[in-house]
Protein chains: 2
Amino acid sequence: MPIPLTETNVRSDNRAMSSLRASRLRAAKAILPPSSVPDGTRRRILEVALQFFANEGFHGTSVRDLAKALDLQPSALYAHFPSKDHVLAELVRVGHEVHASALRAALIGVCDDPIEQICALVRAHALVHATYPHLAVVVNEEIYALTAELAAPALAIRAQSMALLHGVLERGVAMGRFSLPDKAATAAALSAIGVRIPYWYEPSGALSLDALADVHVELSLRMLRAYRSPDGKKV
Amino acid sequence: MPIPLTETNVRSDNRAMSSLRASRLRAAKAILPPSSVPDGTRRRILEVALQFFANEGFHGTSVRDLAKALDLQPSALYAHFPSKDHVLAELVRVGHEVHASALRAALIGVCDDPIEQICALVRAHALVHATYPHLAVVVNEEIYALTAELAAPALAIRAQSMALLHGVLERGVAMGRFSLPDKAATAAALSAIGVRIPYWYEPSGALSLDALADVHVELSLRMLRAYRSPDGKKV
DNA sequence: CGGGTTACTGAACGATCGTTCGTTCAGATC
DNA sequence: GATCTGAACGAACGATCGTTCAGTAACCCG
C-alpha cells in the first residue's frame, strides 16, 4: 500500500547471483558519532552492530554475523555486553541522546521567537538524520525489538524531545506566528520529513547537508505559514 | 538520533512481567483490503502474517508463530506458499498494488490541473496509509527482507507510482503553479508525511480519516506554494 | 462406488540461533 | 617474580529455525 514514493535500494545490480537481500540505506558506511562512545572494542562492536542492524535488522543479524565482521569469537562479545539485546539498547539510547543533544544545542543560541526556534529545531532534526542515517534507522525501526525495560531510557529522552517541539508549536500558535490546520498532524509532518531522510538522501549527491537543512526549514515554515521577516509576507 | 518526535507504543503498561516487546502500530487489528485477495486459507494466512510481520517484523516472526495463530501445523502453510519468503513477497506485492490502484483511481476523476492532481494524489496516499497501516508498514519496512527477485514485482509498481508523482510535480512547476525549494526533497517530503501516518494516527481519535486527508492536502499545497483558486492568493 | 486431488497432520531433518563454560594469555599491580 | 584482571578462544549447550515427507481424512467428479 505504501510505496513511500522514494527510490529503493534493492541490489538488483550486476552482482553475482542476485538472490541477495536489499540494503535499507543509501549510505554505505555506518558512522557512530565520535564522542558518543569511547574508543575500544566496545565501540567497535557498536559500530559493526550499527551497520548490521540498520541494513539487516536486529532479528536479521546473528551474534555470529557480528563476531565474524569483528574478527572475534561470538563468545567474546559477552565480555562487553550482557546480551545481544543490550547492544541494540545501547545503540538506541545513544541515538536518542545524540538527537536530543542536537535539538537542545540548536535552541541555546537562538532568541525566543518561535519562528527562529522552529527553524533551529527543524535544521538540527534534518542534519542529525542526514549525518547519521544508520543510527536514525536503528533508533526508529529497531526499538520495537526491545523489551519495555530496555527501551525505557530511550523513550524517556524521546518524550522530552517531543515536548520541546510541541512547546514551540504551542507558543507560536498562541502568539499568532503560526497557523496550522491540525496540531498533532502538523507536528507529525515536521517530524516525518526528517525521519525519512535516511531512505533517500545521499550526502554525496547534488544537495549538500546545509542545503538539505535549508530546504527542510523552508518546507516547515511553509507548513506553519510562518514568515521570517517579522512584519509581512514572503521569505 | 532520530526520535521521530511522535509517540511510541511500547507496552510499558500494567501488563504482567513487562518484559514484553513493543508493538509497532497503534491500530490493533490488521486488515487486508477486501478484494485484494480471495477468501480461503490462503487469505487467512496472509492476514495473520500481516499482523505478525507488521508488529514483530519478518525475521521476528517464525512459521510456528503463524501456524499457532492460524490453529494449523507449520507444515500446512506449505500447501499454500512455497516458503515464508513468498508470504512476505505476496503481502508486499498486494500492498504496492493497492496503493498504486488508489493513486490511479484518484487521478481519473480529476481535471488536468496539476494542483487538483496533487490534491488527489496526496489524499489517496494519506487515506491508504491511514486505512491499512499494517500493510503500509510491512511494505515499507519489511521489503528489505526480500531477495531482489521476490521484491522485483513490487519495485516495478513503486517505480510507476513515483513517476506519477514526479510527473505531476514537474508539470506544475513548468506551468508556474508550484514553487518548490528542491524537487527531490519536496517529493520526498510529500511522500514522507503519508508514510509515517501508521506510526501515530488513530482512526478512533479526534481526527477522522477525511479530516486527516484534508490536513495532508493542505500541508502539501503549502509546501508547493500552490493555491487552489486559479487566480490569486489564499486557499 | 471408485480414483484423484486438495488440505492438513505429526514427526522429523539439518542448520542455526543466543548463550555458557572452562581455559588461555597478555599486561598491570604489588 | 607472584598475583590478579580482563579479553578472547574454542567447544558445546539446549532451543528454535525453515522446511520436508509419509500418511490421512475429506471432498469432487465420473
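Per chain, numbering begins at 1; letters A, B, ... match sequence-line order. Predicted, not measured: the structure shown is a model, and the values here were computed from it.
Atom CD in A:Gln73 sits about 18 Å away from atom P in C:dG22, given to the nearest Å. Atom CG of A:Leu77 is separated from atom C1' of C:dC21 by 16 Å (rounded to the nearest Å). The CZ atom of A:Phe52 sits 11 Å away from the P atom of C:dC17 (whole-angstrom rounding). If you take CG of B:Leu70 and C1' of C:dT9, they are 15 Å apart, rounded to a whole angstrom. Between the C1' atom of C:dT9 and the CZ atom of B:Arg64 lies a distance of 14 Å, rounded to the nearest Å. If you measure from atom OH of A:Tyr78 to atom P of D:dA12, you get 19 Å, rounded to the nearest angstrom. Here C:dA7 presents its C1' atom at 9 Å from CG of B:Leu72, a figure rounded to the nearest Å. Put simply, CZ on A:Phe81 is 12 Å from P on D:dA8, counting in whole angstrom units.
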Distance-only check: which donor-acceptor pairs under 3.5 Å involve side-chain atoms of residues 77-84 of chain A, not counting sequence neighbours?
residue: A:Ser83; atom: OG; partner: A:Asp85; partner atom: N; Å: 3.2
residue: A:Ser83; atom: OG; partner: A:His86; partner atom: N; Å: 3.3
residue: A:Ser83; atom: OG; partner: A:His86; partner atom: ND1; Å: 2.7
residue: A:Lys84; atom: NZ; partner: A:Phe58; partner atom: O; Å: 3.0
residue: A:Lys84; atom: NZ; partner: A:Thr61; partner atom: O; Å: 2.7

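With distances taken from any side-chain atom of A:Lys84 to the nucleotides C:dG18, C:dC8, D:dA8, the minimum falls on C:dG18. Between D:dA11, D:dA8, D:dT20, one nucleotide has an atom nearer to the side chain of A:Ser75 than all others, and that is D:dA11.
A donor-acceptor contact under 3.5 Å is not formed by the side chain of B:Ser83 with the base of D:dG18. Between the base of D:dG18 and the side chain of B:Ser62 there is no donor-acceptor pair shorter than 3.5 Å.
Of the possible donor and acceptor atoms, one in the side chain of B:Arg24 sits under 3.5 Å from a partner among the backbone N and O of B:Ala54. At distances below 3.5 Å, not a single donor-acceptor pair connects side-chain atoms of A:Arg196 with backbone N or O atoms of B:Ala192.
Of the charged side-chain nitrogens involved, at least one lies within less than 4.0 Å of a carboxylate oxygen, so that B:Asp210 and B:Arg123 count as a salt-bridged pair.
Judged by closest nucleotide on DNA chain C, A:Asp65 is the one of A:Pro82 and A:Asp65 placed further toward the 5' end.
For the pair B:His80 and C:dC8, the criterion of a side-chain N or O lying under 4.0 Å from OP1 or OP2 is met.
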Practice item. Before giving the answer on side-chain hydrogen bond (donor to acceptor under 3.5 Å, both in side chains), spell out for A:His99 and A:His125 the whole-Å C-alpha distance, their side-chain angles and the decisive distance to 0.1 Å. Key: CA-CA 7 Å; A:His99 180 264; A:His125 187 58; 2.9 Å; yes

